[in-house]
Number of protein chains: 2
Amino acid sequence: MEAKKILLVEDDPNFGAILKDYLIINDFDVTLAKNGMEGFEKFKKDTFDLCILDVMMPYKDGYTLAREIREKNQEVPIIFLTAKTLKEDVLKGYKVGADDYLNKPFDSEVLLMKIKAIIQRKATEVKPDNNKFEFIIGSFHLNSKLRFLSFNGQEPVKLSPKECELLKMLALHENDLMPRELALTKIWRDDNYFTSRSMDVYIAKLRKYLKQDENVEILNIHGEGFRLVIKK
Amino acid sequence: MEAKKILLVEDDPNFGAILKDYLIINDFDVTLAKNGMEGFEKFKKDTFDLCILDVMMPYKDGYTLAREIREKNQEVPIIFLTAKTLKEDVLKGYKVGADDYLNKPFDSEVLLMKIKAIIQRKATEVKPDNNKFEFIIGSFHLNSKLRFLSFNGQEPVKLSPKECELLKMLALHENDLMPRELALTKIWRDDNYFTSRSMDVYIAKLRKYLKQDENVEILNIHGEGFRLVIKK
DNA sequence: GCTAATGTTAATGTTTGGTTAATGTTGCTT
DNA sequence: AAGCAACATTAACCAAACATTAACATTAGC
């Protein structure tokens, strides 16, 4: 098997180097960055199977970096390293979409188990074509990378991140059920009464945009989800 | 959203009860077992979205239970709770196929985040789709995913969740007895006088829909159940 | 003919969704 | 630091969809 690529962002040079070597010995392909800024640059230039981020870093902390990474890529697993054991930090990490959390000092073998478990998990997941970013929706054209939605080739409207992700998810299930739960867990990363209401607000916004083309419609399937119908 | 089912196996009755209540408050459907034996019995009798196992338990410890659970089900996520913080234990847990690991005392909010993260992860995984959702019933066509029923390819009618599930269950027993009890326990999740009457109301509704095709009929088998007859 | 089960319709109760506006939040600009 | 702009969440209100219960009629089976 091809060596898995890990992005390691750690500002302590000693600890960073040791951890990097340890991971290399265990057959990973490791890229080390010594701060959030550099970490993000390296992230953009390559494709990684996993990111290990130190939380406490100068200039740009691990959470901020994680948020930036998540904007570019919703899939890549993220593990946080932290010396602090504050509850708030852990919760913050999970909200940003962490896959796991490790307190320093930690046992290297435990880290290794976690890495393997996470990579294994990702391997078994079937990817719902995530690189696709251009969609034809009736007479609309959606570019989910630039977050542009244009009608009949006219001047495009800019969509907010949530609007865009939701429309994309609907488009990926064109004419089929897009379960509420799926959008909530994937886009909102939480599933409760309020996020659900928030989603409804976004559905209303999308309907407003899509009103221009009467062959395009978002239908509700009561209690289940929504369905983007495109009449031909 | 349907409440997620959690199997909680914890031998300390006080701690178990508190944790159970906490999870219930947070909208989970919790089954508490007070030892490994009982835990396994309950596991076999129901379908859970998550198992939380105490490691230290009399008769049957958490690892042994986890191994048994894994034999029956490779999918269900498992979280271990342990007072010990020994590396060996953690590794042992991961080997048995744990999804996460928590040291007592732990913060309840952290546990909650972990539970959410894990359940969310499962939601994203694509399940082996073995459930049929398209049925031909005489000149009707039922799509139980979109909850559509169309007659002779005409514009489909929308069915309510209960209507749809009931018709699907009848269709699965086409020309054969569909026992009352089956529908009541599977669809209504309860079997008493009122749910039974409710079901009769739904049978009436379905009959109204199916009236269009005189070759299709729902017959009653007194005291037993119903039978969806399709004359050819 | 009597009783329990079923058929049917309508009323009542409950949950979910549609929509608009107010309120938070965050990062950026001046 | 104040204020702005963009976005997201929460609130509030209403409507629609759905489910249950009630009430009364009918039927099966003894």
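Numbered from 1 within each chain, the chains take letters A, B, ... in sequence-line order.
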Open item on the list: What is the separation between atom CD1 on A/Ile203 and atom C1' on D/dA15, rounded to the nearest whole Å?
Closed with: 18 Å
TODO: Among C/dG17, D/dA22, C/dG7, find the nucleotide with the atom closest to the side chain of B/Asn220.
DONE: C/dG7
Open item on the list: Are more than 12 heavy atoms, taken from residues, nucleotides or ligands other than B/Lys72, located less than 6.0 Å from that residue's NZ atom?
Closed with: no
Open item on the list: With nearest nucleotide decided by heavy atoms, which residue, B/Tyr193 or B/Pro161, maps closer to the 5′ end of DNA chain D?
Closed with: B/Pro161
Task: Separation of atom OH in B/Tyr209 from atom P in D/dC18, rounded to whole Å - done: 8 Å
TODO: From the options D/dA19, D/dA8, C/dG7, select the nucleotide whose nearest atom is closest to the side chain of B/Asp200.
DONE: C/dG7
Task: Interatomic distance, B/Ile221 CD1 vs D/dA28 P [rounded to whole Å] - done: 14 Å
Task: Options C/dT9, D/dC18, D/dG29, nucleotide nearest the side-chain atoms of B/His222 - done: D/dG29
Task: Pi-cation contact, A/Phe133 with A/Lys145 (under 6.0 Å, within 45°) - done: yes
Open item on the list: So if I take every side-chain heavy atom of A/Arg67 and compare against C/dT16, C/dG27, C/dG18, which nucleotide ends up nearest?
Closed with: C/dG27
Task: Length of the line joining B/Leu166:CG and D/dT20:C1', which is rounded to integer Å - done: 15 Å
TODO: Take the protein atom CZ of A/Phe226 and the nucleotide atom P of D/dA16, then report the distance between them rounded to whole Å.
DONE: 16 Å
Task: Name of the residue among B/Pro179, B/Ser196, B/Ser198 meeting side-chain contact (heavy atoms from CB on, under 4.5 Å) with B/Leu184 - done: B/Ser196
TODO: Please check the phosphate of C/dT19 (OP1 and OP2 only) for any side-chain N or O of A/Lys205 closer than 4.0 Å.
DONE: no
Task: Listed nucleotide nearest any side-chain atom of B/Phe194, set C/dT19, D/dC7, D/dA22 - done: D/dA22
Task: Nucleotide nearest A/Arg197 when distance is taken to its side chain, options C/dG7, D/dA8, D/dC13 - done: D/dC13
Open item on the list: For a quick check under 3.5 Å, do A/Asp191 and A/Thr185 share a side-chain donor-acceptor pair by atom type?
Closed with: no
Task: Length of the line joining A/Tyr202:OH and C/dT19:P, which is rounded to integer Å - done: 16 Å
Open item on the list: Taking only side-chain N and O atoms of A/Lys208, does any of them lie within less than 4.0 angstrom of OP1 or OP2 on C/dT19?
Closed with: no
TODO: Kindly say if B/Trp188 contacts the phosphate of D/dT20, meaning a side-chain N or O under 4.0 Å from OP1 or OP2.
DONE: yes
- [ ] Could you check B/Leu177, B/Asp176, B/Asn175, B/Leu210 and say which one makes a side-chain contact (heavy atoms from CB on, under 4.5 Å) with B/Leu228?
- [x] B/Leu210
Open item on the list: Taking the minimum atom-to-atom distance to the side chain of B/Lys162, which one of D/dT20, D/dA11, D/dA8 wins?
Closed with: D/dT20
TODO: Nearest whole angstrom, please: distance from the P of D/dA8 to the CZ of A/Arg147.
DONE: 8 Å
TODO: Identify which nucleotide among C/dG7, D/dT9, C/dT8 has an atom closest to any side-chain atom of A/Ser198, counting heavy atoms from C-beta outward.
DONE: D/dT9
TODO: From the options D/dA8, C/dT19, C/dT6, select the nucleotide whose nearest atom is closest to the side chain of B/Arg180.
DONE: C/dT6
Open item on the list: From CZ of A/Arg227 over to P of C/dG17, roughly how many Å is that when rounded to an integer?
Closed with: 16 Å
